[in-house]
Enquirer: 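Mind looking over this structure? Questions follow.
Only this structure's heavy atoms are used, side chains among them; waters, hydrogens and symmetry mates stay out.
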Amino acid sequence: MVFYDSLRKAILPLDEIDKSLPEKGKIFDLGCGEGVISKYLARNKKRIVIGIDSDEKRLPKHKIKNLYFKNADIRETSFKGSSGVVISDVLHHLNLKDQKALLTKIAKEFEKRGVLVIKEIDNSEFIRSRLSRIWDLVLYPQDNISYWNSNDLKSFLEKIGFSVKFSRPCRLFPGSTTLFICKK
């Protein structure tokens, strides 16, 4: 897992994610896995960071005062009272109906001025999205993958009440890395 953590840190726009989120409040990291993003965000002691993943074996065991990990289904999580949510490389593992339901639930339960940060694959990046698909096939061969086109995801997020900016911050990694910053 040390190799995986190092690789994730290299391909994640951690600084951009951190700077986009509120300085304080409750922040959820959905599908957190080994907690790379959660640990990074919890360096700010004004935040309470909650990493959620359905695979209990992947969740870190150590405790930090403002960092918690929970074994749960992200589709059944309540986001009431949260000021931020991060979804990194997770949406495409859900079917499109569940993706839309989850994003709509977050939009409805969010605090005013809440921030949703999504790092996702953009299927309009022809070569990069195919390279990401190979990565997903190797790591998650049983999953049915549902990538969005970045313009379609942006439109959907705006439809459910977010203002959205997206960028592609990690161009060294050959896969698709699109970052959506969504504000209420």
Side-chain angles (χ1 to χ4, degrees), residues 4-44 47 49-53 74 79 82-94 96 98-100 102-107 110-111 113-136 139-140 145-184:
Y4 180 80
D5 280 3
S6 298
L7 181 61
R8 289 289 293 160
K9 285 179 185 174
I11 65 174
L12 287 170
L14 291 171
D15 287 335
E16 289 92 338
I17 292 170
D18 184 47
K19 290 174 188 171
S20 299
L21 290 164
E23 283 290 312
K24 61 182 180 178
K26 189 188 307 182
I27 309 289
F28 285 93
D29 179 9
L30 304 184
C32 68
E34 288 83 9
V36 173
I37 295 173
S38 299
K39 293 174 203 171
Y40 193 85
L41 297 175
R43 296 174 316 138
N44 177 340
R47 292 177 177 150
V49 180
I50 304 163
I52 299 175
D53 202 282
I74 62 173
F79 304 100
S82 64
S83 55
V85 174
V86 176
I87 308 173
S88 178
D89 295 321
V90 173
L91 275 181
H92 61 265
H93 293 279
L94 302 174
L96 191 57
D98 285 348
Q99 289 180 36
K100 288 181 175 182
L102 175 64
L103 295 170
T104 301
K105 181 178 181 179
I106 292 168
F110 239 16
E111 280 187 355
R113 293 188 293 274
V115 178
L116 168 63
V117 177
I118 302 170
K119 181 196 166 288
E120 193 51 61
I121 310 306
D122 177 359
N123 74 4
S124 70
E125 289 193 292
F126 184 79
I127 293 172
R128 287 179 180 272
S129 67
R130 277 20 173 221
L131 291 170
S132 294
R133 182 63 183 121
I134 291 168
W135 183 261
D136 280 329
L139 293 175
Y140 310 101
I145 302 298
S146 298
Y147 296 141
W148 284 83
N149 171 294
S150 60
N151 290 320
D152 293 341
L153 180 54
K154 182 179 185 281
S155 293
F156 178 76
L157 291 164
E158 289 171 340
K159 180 180 168 186
I160 60 174
F162 288 105
S163 65
V164 182
K165 292 181 187 176
F166 74 89
S167 64
R168 295 187 172 102
C170 296
R171 300 318 275 177
L172 294 176
F173 179 67
S176 178
T177 300
T178 306
L179 190 65
F180 297 82
I181 308 301
C182 314
K183 297 182 179 181
K184 285 297 278 184

Enquirer: Which heavy atom of V164 sits nearest a heavy atom of K154, and at what distance?
Expert: O-CE, 3.5 Å

Enquirer: Does some side-chain heavy atom of I74 sit less than 4.5 Å from a side-chain heavy atom of F28?
Expert: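 They are not in contact (no side-chain heavy atoms under 4.5 Å apart), so the answer is no.
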
Enquirer: For the CZ atom of F180 and the OG atom of S150, what is their distance to the nearest 0.5 Å?
Expert: 5.0 Å

Enquirer: Are the aromatic rings of F110 and F79 close, with centres under 6.0 Å apart?
Expert: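 No.
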
Enquirer: Closest approach of S20 and I181, non-hydrogen atoms and distance?
Expert: OG-CD1, 3.1 Å

Enquirer: In Å and rounded to the nearest 0.5 Å, what is the CD1 to SG distance from I52 to C32?
Expert: 7.5 Å

Enquirer: Identify whether NZ of Lys or CZ of Arg in K184 sits under 6.0 Å from the centre of the six-membered ring of F162 and within 45° of that ring's axis.
Expert: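 Yes, a cation-pi geometry.
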
Enquirer: Which heavy atom in S83 sits nearest to a heavy atom in P22, and how many Å separate them?
Expert: O-CG, 3.2 Å

Enquirer: Mark yes or no for whether D29, through its side chain, and G51, through its backbone, hold a donor-acceptor pair below 3.5 Å.
Expert: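 Pair absent, no side-chain N/O of D29 close to backbone of G51.
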
Enquirer: Does a side-chain heavy-atom distance below 4.5 Å link I118 with L157?
Expert: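 They are in contact (side-chain heavy atoms under 4.5 Å apart), so the answer is yes.
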
Enquirer: First locate atom NZ of K119, then atom CD1 of I17, and finally report the distance between them rounded to the nearest 0.5 Å.
Expert: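 It comes to 7.5 Å.
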
Enquirer: Can you name the closest pair of heavy atoms from L103 and I160 and give their distance?
Expert: O-CD1, 3.5 Å

Enquirer: Measure from the side-chain N and O atoms of E158 to the backbone N and O of S163, and report whether any donor-acceptor pair falls under 3.5 Å.
Expert: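 Not a single qualifying donor-acceptor pair exists.
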
Enquirer: L116 and side chain to side chain contact (heavy atoms under 4.5 Å, CB included): which single residue from V85, L30, V86, L21 fits?
Expert: V85

Enquirer: Can you tell if the side chain of I50 reaches within under 4.5 Å of the side chain of K26, non-hydrogen atoms only?
Expert: yes

Enquirer: When you measure from the side chain of S38 to the backbone of V49, do you find a donor-acceptor pair of N or O atoms at a distance under 3.5 Å?
Expert: no

Enquirer: Where is the tightest heavy-atom contact between G31 and D53, given as atom of each residue plus distance?
Expert: C-OD2, 3.2 Å

Enquirer: So for atom NZ, which belongs to K105, do other residues, nucleotides or ligands contribute more than 12 heavy atoms lying within a distance under 6.0 Å?
Expert: yes

Enquirer: Treating N44 as the side-chain partner and E23 as the backbone partner, does any N or O pair qualify as donor plus acceptor under 3.5 Å?
Expert: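 It does hold such a pair.
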
Enquirer: Can you check whether S88's main-chain N or O pairs, donor with acceptor, with E120's side chain at less than 3.5 Å?
Expert: no

Enquirer: List the steps and the verdict of salt bridge (charged side-chain N to carboxylate O under 4.0 Å, His left out) for D18 and R47.
Expert: CA-CA 11 Å; D18 184 47; R47 292 177 177 150; 2.5 Å; yes

